[in-house]
Number of protein chains: 2
Amino acid sequence: MTRERPGNPVVLDATARAVLDRFSSFAGGDGGSDEGGLQNCPVRNVLDRVGDKWSLLILIALSHQPRRFAALQREVGDISKRMLTQSLRTLERDGLVARQVFPTKPPAVEYSLTALGESALPPIAGLVGWAAMAHDEIRAARQGFDAAAG
Amino acid sequence: MTRERPGNPVVLDATARAVLDRFSSFAGGDGGSDEGGLQNCPVRNVLDRVGDKWSLLILIALSHQPRRFAALQREVGDISKRMLTQSLRTLERDGLVARQVFPTKPPAVEYSLTALGESALPPIAGLVGWAAMAHDEIRAARQGFDAAAG
DNA sequence: GGGATATGGTCTCGGATGTAGACCACCTAT
DNA sequence: ATAGGTGGTCTACATCCGAGACCATATCCC
């Protein structure tokens with residue numbers, strides 16, 4: 001198999017490299033020794049949460065300050081009540097978001113980030129930063145691709 | 001009752017704060033001036049890609065070296081051919097992944113990261129690192145939640 | 001020659017998942 | 001009395017996803 005770049009597969013700083021290597025060590029490196037795959041990694045569980053459309057948005061919306069249900073829905077914009085409820089439950093179950101009920105006349109419910117939830121903000125900000133940076137290039141790539149392959 | 005921390009909503013370094021603020025400035029800050037919501041933000045487009053279950057995993061799998069279709073499927077583990085094809089197309093369209101066909105007897109197809117795709121690796125590594133760190137705490141939170149609320 | 005196997009996909013079907021919107025019990029303001 | 005806001009739940013309907021069949025080709029093995 002030529003077409004491999006033996007010593008230098010991808011340019012990436014050592015820290016990130018180590019993190020990713022450790023993560024995919026579940027796949028048996030590249031020799032294909034044991035064909036387990038990434039799906040057995042415990043980190044996958046956490047990543048799958050992040051990987052659902054709404055969690056990230058909700059976390060970001062809560063990063064400013066605690067918010068109530070309706071305010072949250074308005075801020076995210078195009079999320080249905082059902083999915084907001086469901087996502088918040090999951091986030092609460094995972095300990096990223098705290099739910100507090102105030103026994104006012106119509107009970108108010110306030111959602112806020114826990115310490116754990118706040119700890120997710122820097123990595124999320126990293127991702128958002130990258131997205132902002134890459135956005136133009138991605139849009140250009142899409143146009144090129146669509147033009148070529150109609 | 002102590003539930004609001006007026007001047008200090010969330011402890012977060014200035015860079016990350018700025019990134020998130022900029023992102024959610026589409027929601028009109030916190031005054032609720034114009035109720036646009038996050039959905040109008042161009043970054044949402046990019047974030048939605050990240051927010052699908054497989055893209056992240058594929059990018060990580062490719063971070064080691066270029067891979068062929070079947071190898072990729074084996075590495076990710078529980079992805080169907082259909083979704084792998086579809087995700088790879090999207091990634092290719094977005095300019096994160098390059099597809100190269102070798103006209104061998106049964107044509108081999110190799111997928112690799114583009115420079116843009118590689119630029120996504122550090123933020124992804126940040127996320128994976130967080131996931132690894134938070135994993136234990138999250139699992140504990142889940143157990144607590146499930147125990148409390150059946 | 002006739003399987004068996006591998007390649008990279010596509011296609012179809014049935015079930016899971018998401019969305020829109022009605023509905024609810026309660027309260028306030030008009 | 002009526003309208004609207006609170007936090008949700010419930011029910012249709014639409015969309016999406018995963019499993020697996022299928023394809024054209026070529027190679028290996030007997």
Side-chain angles (χ1 to χ4, degrees), chain A residues 1-4 32 35 37-40 44 47-58 61-62 66-93 97-112 145 149-150, chain B residues 3 32 35 37-39 44 47-58 61-62 66-93 97-112 145 149-150:
Chain A
M1 294 86 168
T2 52
R3 72 184 183 274
E4 279 185 346
E35 298 296 337
L38 261 32
Q39 82 274 32
N40 296 322
R44 261 290 287 275
L47 226 46
D48 281 350
R49 287 278 163 279
V50 171
D52 95 287
K53 201 176 174 183
W54 303 117
S55 302
L56 275 187
L57 275 330
I58 292 174
L62 288 176
R67 290 213 181 263
R68 295 172 54 180
F69 188 88
L72 217 33
Q73 189 181 16
R74 274 192 300 270
E75 178 155 359
V76 175
D78 56 350
I79 187 175
S80 64
K81 283 178 162 193
R82 206 180 88 97
M83 285 314 293
L84 182 55
T85 302
Q86 185 174 312
S87 301
L88 283 170
R89 284 284 134 72
T90 304
L91 255 14
E92 187 193 357
R93 185 172 102 102
V97 158
R99 179 179 188 269
Q100 194 178 3
V101 181
F102 295 93
T104 49
K105 316 59 159 300
V109 180
E110 188 179 84
Y111 294 92
S112 56
F145 187 91
Chain B
R3 72 187 203 270
E35 299 294 338
L38 261 30
Q39 82 274 32
R44 260 290 288 276
L47 225 46
D48 282 350
R49 288 277 163 277
V50 171
D52 94 288
K53 201 177 177 185
W54 302 118
S55 302
L56 275 188
L57 275 330
I58 292 175
L62 288 177
R67 289 209 183 267
R68 295 172 52 181
F69 189 88
L72 216 34
Q73 188 180 17
R74 274 191 300 271
E75 177 155 0
V76 175
D78 55 350
I79 187 174
S80 63
K81 283 178 162 193
R82 207 180 88 95
M83 285 316 292
L84 183 54
T85 301
Q86 186 173 312
S87 301
L88 283 171
R89 285 285 134 74
T90 303
L91 255 14
E92 188 193 357
R93 186 171 101 104
V97 160
R99 180 178 187 269
Q100 193 177 3
V101 182
F102 295 93
T104 50
K105 316 57 150 309
V109 181
E110 188 179 83
Y111 294 92
S112 56
F145 187 91

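The basis for the numbers below is simple: all heavy atoms, side chains too, and nothing from hydrogens, waters or symmetry mates. The sequence lines fix the lettering, A, B, ..., with proteins before strands; numbering per chain opens at 1.
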> Expressed in angstrom and rounded to an integer, what is the separation of A:Leu88 atom CG from D:dT9 atom P?
Replying inline: 11 Å
>> In whole Å, I'd like the distance from the CG atom of B:Asp48 to the P atom of C:dG18.
In response: 14 Å
> Do side-chain atoms of A:Gln73 reach the backbone of A:Ser80 as a donor and acceptor pair under 3.5 angstrom?
Replying inline: no
> Are any of A:Arg89's side-chain N or O atoms less than 4.0 Å away from OP1 or OP2 of D:dT9?
Replying inline: yes
> A:Ile79 pairs by side-chain contact (heavy atoms from CB on, under 4.5 Å) with which of A:Leu84, A:Leu57, A:Thr85?
Replying inline: A:Leu84
> Can you tell me how far CG of A:Leu62 sits from CD of A:Glu110, rounded to the nearest 0.5 angstrom?
Replying inline: 9.5 Å
> Of all the nucleotides listed (D:dT9, C:dT7, C:dT10), which has the minimum atom distance to the side chain of B:Thr85?
Replying inline: C:dT10
> Can you give one letter per nucleotide of nucleotides 10-30 of chain D, 5' to 3': B if a protein heavy atom sits under 4.0 Å from the base, S if only from the sugar-phosphate, - if neither?
Replying inline: BB-----BBB------S----
> Run the side-chain contact (heavy atoms from CB on, under 4.5 Å) check on A:Ile58 and A:Leu91 step by step: do they pass?
Replying inline: CA-CA 9 Å; A:Ile58 292 174; A:Leu91 255 14; 3.9 Å; yes
>> To the closest 0.5 Å, what do you measure between CZ (A:Phe145) and CZ (B:Arg89)?
In response: 6.5 Å
> Rounding to a whole Å, what distance do you find between A:Phe102:CZ and C:dC27:C1'?
Replying inline: 18 Å
> Got a sec, which residues hit salt bridge (charged side-chain N to carboxylate O under 4.0 Å, His left out) with B:Asp52, two or more places apart in sequence or on another chain?
Replying inline: none
> C:dT7 C1' sits how many Å from B:Leu84 CG, rounded?
Replying inline: 14 Å
